[in-house]
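This one's a predicted model, so the numbers in the text were calculated from it and none came from an experiment. The first residue of the sequence shown is numbered 1, and numbering continues consecutively from there.
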Amino acid sequence: MSMQTGRRVGVAFVGMGGAVATTAIAGIEMIKSGSNRLDGLPLAGLSVQGMTDYKDLVFGGWDLNGDDLASAATGHGVLTKQDIENGAQVLKGITPWPAVGSAKFCKNIEGGNRIVAKDHRETVSIIAKDLKRFREESNLDEVVVVNLASTERWPDLTAAVLNSTDAFEKGLDTDDESISPAMLYAYAAIKSGVPYANFTPSVAADVPALLNLAKELGVPVAGKDGKTGQTMMKTVLAPALKARALHVDGWFSTNILGNRDGLALNDPSSLQSKINTKGTVLDSILGYPVEDHLVHIHYYRPRGDDKEAWDNIDVTGFMGQRMQIKVNFLCKDSILAAPLVIEIARVLDLAKQRGDSGAQEQLSTFFKAPMVKNGAGPVHDFGKQQKMLLDWLGVN
């Protein structure tokens, strides 16, 4: 466990009623009520000076669905009725704050629990007030924002408004349509001095306008797109294949899932955002382009949160002999993601205490498309990423 600090840290989720957020909250509430099951929490066994204890985390957040979290969790089907009764009863008393919605950026996700604002500028002011109220009412030492909302379509990254802080500020006043909901949350957090993590494939704090603002204001930011299942396996296997000089001729990946994330990805423009983040890891690890690297994601409702990922890897070995590796990972999407989200929040709080600002590369192990400080490409090799995190934590 972490060394006790008594620091109360609030985690404000964008998409608080979603499967990942409700699972994270329920898991921590069970720990608070006496469960000693810390399986799946990657940093649970480490003693790190200044890191907040799991029991000192407090939760709030926004969602387009205004249902209380127990109803939302029941609908997702990740937690059993017994889970919700045993230690996670607190979910019944939590309802999300009104959220930002945009059919332009996320076609398949709707809800009536919306922020009513005349423009972007008023919207960010409401988000900032929510953060301030959360800090005061829950008597928090720090707040961290984590984006768990549904995947948005890819914006035009060349738009001037996304490339300089001044232009972004003007874009808030003119309601510029290049600015997405994810960016509004990121901006509000950064301006409030609140660390921000993007666990989705959506473009947010990684646009130059916001990354520069985070550096300037001394705010740590991290992202993007949580690395939970198939891509995690890729970043473990690819370095081993490289070390054995087995040439990867092709890597075919396909996924089926039926949760709200899957429904959002049923929209081709949101799906493209996800494929953009999943598809970049192999070439950088192997050091050559894998021409036949195919990634498919399919929404298949009967599966719910139980995701299945298949990988077929074609390799060439000594004397040109061809071989195949097949991986079938039957995973529970939110059970893999929720602990990572909790650890990201704890590390971001620690980064703020240490005075670190801008992109937090030490969190690369948790992301498919890690943000980096210096413009160079990110490290994707899982072993190297783990070492980077442990070195930063000071436990090696």
Do His296 and Phe252 make the cut of ring centroids closer than 6.0 angstrom? yes
side-chain hydrogen bond (donor to acceptor under 3.5 Å, both in side chains) filter on Ser138, not counting sequence neighbours, yields none
Between Thr365 and Gln386, does any side-chain donor sit less than 3.5 Å from a side-chain acceptor? yes
Asp53/Arg346 salt bridge by N-O under 4.0 Å criterion: no
Run the side-chain hydrogen bond (donor to acceptor under 3.5 Å, both in side chains) test against Asn139 and tell me which residues pass, sequence neighbours left out. none
Side chains of Lys234 and Ser253: donor-acceptor distance under 3.5 Å anywhere? yes
Quick test of your reading: applying salt bridge (charged side-chain N to carboxylate O under 4.0 Å, His left out), list the pairs with at least one residue in residues 65-78, sequence neighbours left out, ordered by first then second residue. none
Which residues pass the side chain to side chain contact (heavy atoms under 4.5 Å, CB included) test with Arg244, not counting sequence neighbours? Leu246
Enumerate the residue pairs fulfilling ring pair (Phe, Tyr, Trp, His ring centres under 6.0 Å) with a member in residues 112-139, sequence neighbours excluded, ordered by first and then second residue. Trp97-Phe134
Only counting residues at least two apart or in another chain, list the ones meeting ring pair (Phe, Tyr, Trp, His ring centres under 6.0 Å) with Phe318. none
Scan the side chains in residues 189-196 for donor-acceptor partners under 3.5 Å anywhere in the protein, sequence neighbours excluded, and list what turns up.
unit_1: Ser192; atom_1: OG; unit_2: Ala188; atom_2: O; d: 2.7

Under the side-chain hydrogen bond (donor to acceptor under 3.5 Å, both in side chains) rule, collect the residues that match up with Asp130, sequence neighbours excluded. Trp62, Arg133
Under 3.5 Å, is there a donor-acceptor pair between the Trp310 and Asn255 side chains? no
Can you confirm whether Leu389 sits close enough to Phe366 that some side-chain heavy atom of one is under 4.5 Å from a side-chain heavy atom of the other? yes
With sequence neighbours left out, write down each residue that passes side-chain hydrogen bond (donor to acceptor under 3.5 Å, both in side chains) with Thr235, or none if nothing qualifies. Lys227
Between Ser178 and Asp176, do the side chains contain a donor N or O and an acceptor N or O under 3.5 Å apart? yes
Salt bridge between Arg354 and Asp356, side-chain N to carboxylate O under 4.0 Å? no
Who are the side chain to side chain contact (heavy atoms under 4.5 Å, CB included) partners of Ser284, not counting sequence neighbours? His380
Walk me through it: do Trp251 and Asp311 pass the test side-chain hydrogen bond (donor to acceptor under 3.5 Å, both in side chains)? CA-CA 7 Å; Trp251 198 309; Asp311 285 275; 2.8 Å; yes
Applying ring pair (Phe, Tyr, Trp, His ring centres under 6.0 Å), can you list everything that pairs with Phe13, at least two apart in sequence or on another chain? Phe59
For residues 323-332, which residue pairs pass the side-chain hydrogen bond (donor to acceptor under 3.5 Å, both in side chains) check, not counting sequence neighbours? Asp306-Lys332, Glu308-Asn328, Asn312-Lys326, Asp314-Gln324, Gln324-Lys326
Can you find a pair of side-chain heavy atoms, one from Arg8 and one from Leu57, that are under 4.5 Å apart? no
